[in-house]
Every structure is written in C-alpha cells, then in structure tokens.
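Notes follow once the structure below has been shown.
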Amino acid sequence: MYNHEKQLNLDRRYLRMAHIWAENSYCVRRKVGALLVKDKMIISDGYNGTPSGFENVCENDEGLTKPYVLHAEANAISKVARSNNSSDGSTLYVTSSPCIECAKLIIQAGIKRVIFSDKYRLEDGIELMKRADIEVVHLNLEDNE
C-alpha cells in the first residue's frame, strides 16, 4: 500500500508541475503542459504552441486554433527525440487528455503510463492508448490534496 501512495504523491507532484509548465504557452483558448519522466527524472517537457521560428500566436482572427499549432505531448516527444534520452518506458504527465494524433505518437514513443488531469471532450485518444496496454490515469488535482 505504501508504494501505491508514494507513486500517487509523485504523480500529483509531476502533474502540478505540468500545469505550471502550461503557463509558458502563448495560446489563448487553452494552455496545455506536458512532462516526460523516466526513473524519477524529467527527460523532456512541452506546451502547446507554434513550431520553432513561427510567431507566438496560436489563434487566427476568428479565435480558432491555427492548424499548425503543436500539442504539448507532440512538443515533449519531439524534444526528447532530439536529445540523448529515450522515452521508452517513461511516464507522460499532461494537463489535458491526449487526442488521437498524440495518442499515436505516445504509443510509438514507447511511453508506458499517461497521467492527465483535464478530460477533453473526445476520448478516442484514451481508448487507443488503452488498446496499446498503456496505463492511463485520470487524476483530479482538486481531490485529496
């Protein structure tokens, strides 16, 4: 029981850190943060935003998200790909549940656990990750703080 409680405390801590990291996003509609953790070390991070070298504006004049905005998970996974780290067997902490496109990247990156706090309206990403035997945990940070 002790190990489960210890893991839950770690999961909450990293998820709170992902929420803080989301504050780096320039997106107005929704700010999302992600941390990739392996062996109790943060090996990558990401937040939603435009690709490197683009203007830091996520929405068009109508307030809709531009099609080339990267999701936090995609940013974290592509960032680790450019490093000497491997995401194989890691845990992804993300403030919002992954979409189906990010779920595909998560599967291919070898991530074994995904912990998220906010449910997105579509759950096809969650279903796909579960089909790939990835442990998916919805953790509400307001509970049991």
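Computed from a prediction, not measured in an experiment: that's the story for all the values here. All residue numbers refer to positions in the sequence shown, counting from 1.
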Evaluation steps, side chain to side chain contact (heavy atoms under 4.5 Å, CB included), between Ile42 and Met17: CA-CA 10 Å; Ile42 297 170; Met17 291 169 71; 3.4 Å; yes
Could you tell me which residues satisfy side-chain hydrogen bond (donor to acceptor under 3.5 Å, both in side chains) with Glu101, sequence neighbours excluded, listed by chain and number?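 Glu101 satisfies side-chain hydrogen bond (donor to acceptor under 3.5 Å, both in side chains) with Lys104 once adjacent residues are dropped.
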Tell me, please, which residues at least two apart from Ser96 pass side-chain hydrogen bond (donor to acceptor under 3.5 Å, both in side chains).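 For Ser96 the side-chain hydrogen bond (donor to acceptor under 3.5 Å, both in side chains) partners, ignoring immediate neighbours, are Arg30.
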Using side-chain heavy atoms (C-beta onward) and a distance below 4.5 Å, is [X] in contact with [Y]?
X: Pro98; Y: Ile106; answer: yes
X: His71; Y: Val32; answer: no
X: Leu141; Y: Arg12; answer: yes
X: Ile107; Y: Ile134; answer: yes

Tell me the disulfide (SG to SG under 2.5 Å) pairs involving residues 63-93, sequence neighbours left out?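 Qualifying pairs: none.
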Listing request: all side chain to side chain donor-acceptor pair (under 3.5 Å) pairs with a residue in residues 72-92, at least two apart in sequence or in separate chains.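 Only Asp45-Lys79 qualify under side chain to side chain donor-acceptor pair (under 3.5 Å).
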Are the side chain of Asn60 and the backbone of Glu62 linked by a donor-acceptor contact shorter than 3.5 Å?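 A pair under 3.5 Å: yes.
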Between [atom1] on residue [X] and [atom2] on residue [Y], distance to nearest 0.5 Å:
X: Asp11; Y: Lys6; atom1: CG; atom2: NZ; value: 13.0 Å
X: Tyr47; Y: Asn24; atom1: OH; atom2: CG; value: 5.0 Å
X: Leu128; Y: Ile100; atom1: CG; atom2: CD1; value: 5.0 Å

Considering only residues two or more places apart or on different chains, which pairs with a residue in residues 94-115 satisfy ring-ring contact (aromatic ring centres under 6.0 Å, His included)?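 ring-ring contact (aromatic ring centres under 6.0 Å, His included) check on residues 94-115 returns no pairs.
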Is there any ring-ring contact (aromatic ring centres under 6.0 Å, His included) pair reaching into residues 23-46, and which pairs are they, with sequence neighbours excluded?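 Every candidate ring-ring contact (aromatic ring centres under 6.0 Å, His included) pair involving residues 23-46 fails, so no pair, neighbours aside, qualifies.
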Under the side-chain contact (heavy atoms from CB on, under 4.5 Å) test, which residues partner [X], sequence neighbours left out?
X: Phe54; value: Thr50, Pro51, Tyr68
X: Cys27; value: Ser25, Asn48, Cys58, Glu59, Val69
X: Leu10; value: Gln7, Arg13, Tyr14, Lys40
X: Ala34; value: Ala72, Ala76, Leu92, Val94

Test salt bridge (Lys or Arg N to Asp or Glu O under 4.0 Å) applied to Glu55 - qualifying residues, sequence neighbours left out: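 In terms of salt bridge (Lys or Arg N to Asp or Glu O under 4.0 Å), with neighbours along the sequence ignored, Glu55 is linked to Lys66.
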Donor-acceptor pairs are to be reported for all side-chain atoms of residues 114-126 against protein atoms at under 3.5 Å, with residues two or more places apart or in another chain.
residue : atom : partner : partner atom : Å
Ser117  : OG   : His19   : NE2          : 2.7
Ser117  : OG   : Thr95   : O            : 3.0

Side chain to side chain contact (heavy atoms under 4.5 Å, CB included), that's the test. Do Leu139 and Leu8 meet it? Break it down for me. CA-CA 9 Å; Leu139 196 57; Leu8 190 59; 3.7 Å; yes
Are Ile77 and Leu70 connected in a single hydrophobic cluster, I mean Ile/Leu/Val/Met/Phe/Trp/Tyr linked by side-chain heavy atoms less than 4.5 Å apart?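 No, Leu70 does not connect to Ile77 through the hydrophobic network.
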Side-chain heavy atoms under 4.5 angstrom apart, residues restricted to Ile, Leu, Val, Met, Phe, Trp, Tyr: same cluster for Met129 and Leu36?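 Yes, same cluster.
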